[in-house]
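Shown next, in C-alpha cells, is the structure this report addresses.
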Amino acid sequence: MSKPTRALVLFSGGQDSTTCLAYALTQYDHVETIGFNYGQRHEVEMACRIEVLNALRAQFPAWAARLGEDHCLDLNLLGQISDTALTRQKQIEFDAKQIPSTFVPARNLLFFTFAAALAYRRQLTCLVGGMCETDYSGYPDCRDNTLKSLQVTLSLGMDSPIVIDTPLMWLDKAATWGWAQHLGGQAFIELIRLKTHTCYLGDHETLHDWGYGCGTCPACELRKQGYVTYMKLPQSV
Ligand code: ZN
C-alpha cells in the first residue's frame, strides 16, 4: 500500500488530540476530524472542539488549507452500558488495578471502529489518535499492541487497508508539550493552553499556566506535571 495522504483525526478538543491534529496537518494532504458525544459530564469538551478548530483555521493558514470537514457522532448509548465517572455525576476512584472509574471499557476500540467506518465512506485511509502508553492512566485499549491488532482487524474487516497512526504513543506529557512547540511554535502552545480542555471535572473557568482546569483531578495533574517539566527544558524558552 502507498503512504496514506488522507487522514481522519480522533479529535476531542483536548491537549493530546489537538497536538495530533497539528501533526496530521503537517503530514497528510487532507485531514478531517471526528468527535464523539457520549453524554460526557464535561459538555464543555464538545464546545472546545469547535473553538480549537476555528482558532487553528484563523491562525495557521497552511494548516487551514488541509483541514476538511468535522464530523460528530452521537454515542450516547455508551451511557447505557457503562457506569463511570465520565458519564455520570460520581466521584473518580481507582480500582485494584489502578484503573480510574473514568474508564469506559473498550471505549477506544469503539471509537476507532466507528471512525474506520466513516473513514471508509470518506476515502480516508489513516486514523490518527492521541493514545499513549507512557501516561496512559492504565487504559488497556490505549496500548500500542491493542491498536496494532485493531489496525489489522479493521483492514481485514473492511477489505481495505487502513493505518492507525498514534504519534504520541511513546511520548510523556512534557515531550508532548515540546512537540507542540516544534509543530506550531509559541502561538500553538498558547492555543493549546487557552483553547483545549482536559479536566475530567469540566472546569473551564480556572486558568493556570498550563491551561484551564480544576488542577486536582488525574487529567489536570498529568497536564500540569507535563507542563512544569516542559518549562524546565532548555528548548521551551
Ligand atoms: Zn481537573
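A pairwise comparison of heavy atoms in L147 and C142 identifies CD1-O, 4.1 Å as the closest pair. Residues C48 and H197 approach most closely at SG-CB, 3.5 Å, considering heavy atoms. Closest approach of H204 to T196, counting heavy atoms only: CE1-O, 3.5 Å. For the pair T113 and L109, the tightest heavy-atom approach, listed with the atom from each and the gap, is OG1-O, 2.6 Å. Shown here for K195 and A55, the closest heavy-atom pair between the two residues is CE-CB, 4.3 Å. Residues L183 and A22 share a closest heavy-atom pair of CD1-CB, 4.1 Å.
Taking 4.5 Å as the limit, some side-chain heavy atom of Q15 sits within range of a side-chain heavy atom of R223. Between L168 and W179, the closest side-chain pair of non-hydrogen atoms falls below 4.5 Å. Using a 4.5 Å heavy-atom cutoff, the side chains of F11 and C20 are not in contact. In this structure the side chain of Q123 reaches within 4.5 angstrom of the side chain of R6, judged on heavy atoms. Between L73 and Y38, every side-chain heavy-atom pair lies at or beyond the 4.5 Å cut-off.
For the pair R66 (side chain) and V31 (backbone), a donor-acceptor distance under 3.5 Å is absent. With K173 contributing its side chain and Q225 its backbone, the two residues share no donor-acceptor pair below 3.5 Å.
For the side chain to side chain contact (heavy atoms under 4.5 Å, CB included) test with C126, the passing option among V163, I162, V9 is V163; the others fail. For the pairing with M131, the side chain to side chain contact (heavy atoms under 4.5 Å, CB included) check across T146, N108, I164, D144 returns one residue only, N108.
Taken from CG in D70 to CG in L8, the straight-line distance is 9.5 Å, to the nearest 0.5 Å. Taking CG from L21 and CZ from R49, the interatomic distance works out to 9.5 Å, rounded to the nearest 0.5 Å. The distance from atom OH of Y28 to atom OG1 of T125, rounded to the nearest 0.5 Å, is 8.5 Å. Here NE2 of H208 is found 8.0 Å from SG of C199. Values are rounded to the nearest 0.5 Å. Between the CG atom in L154 and the OG atom in S149 there is a gap of 9.0 Å [rounded to 0.5 Å]. Atom CD in E32 sits 10.0 Å away from atom CD1 in I34 (nearest 0.5 Å).
Other residues, nucleotides and ligands contribute more than 12 heavy atoms inside 6.0 Å of the CG atom of D74. Around atom NE2 of H182, no more than 12 heavy atoms belonging to other residues, nucleotides or ligands sit under 6.0 Å away.
By the side-chain hydrogen bond (donor to acceptor under 3.5 Å, both in side chains) test, Y23 is found to be paired with D165, residues two or more places apart in sequence or in another chain being considered. Listed by chain and number, the residues in a side-chain contact (heavy atoms from CB on, under 4.5 Å) with L156 are V152 (sequence neighbours excluded). Partners of A180 under the side-chain contact (heavy atoms from CB on, under 4.5 Å) rule, at least two apart in sequence or in another chain, are T19, F188, I189, I192. Considering only residues two or more places apart in sequence or on other chains, Q27 meets the side-chain hydrogen bond (donor to acceptor under 3.5 Å, both in side chains) condition with none of them.
Apart from L194 itself, the hydrophobic cluster it occupies contains L207, Y212, where clustering links Ile, Leu, Val, Met, Phe, Trp and Tyr at side-chain heavy-atom distances under 4.5 Å. Through side-chain heavy atoms spaced under 4.5 Å, either directly or across other Ile, Leu, Val, Met, Phe, Trp or Tyr residues, I50 is tied to no other residue.
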Worked verdict on F36 versus R107 for side chain to side chain contact (heavy atoms under 4.5 Å, CB included): CA-CA 11 Å; F36 303 98; R107 183 181 65 175; over 6 Å; no

Criterion side chain to side chain contact (heavy atoms under 4.5 Å, CB included) on L191 and F60, from CA distance to verdict: CA-CA 11 Å; L191 188 156; F60 297 90; 3.9 Å; yes

Chi angles and distances behind the side chain to side chain contact (heavy atoms under 4.5 Å, CB included) call for Y227, R193: CA-CA 10 Å; Y227 187 78; R193 212 172 72 79; 4.1 Å; yes

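When hydrophobic clusters are built by joining Ile, Leu, Val, Met, Phe, Trp and Tyr residues whose side-chain heavy atoms come closer than 4.5 Å, directly or via intermediates, V228 is not grouped with W177.
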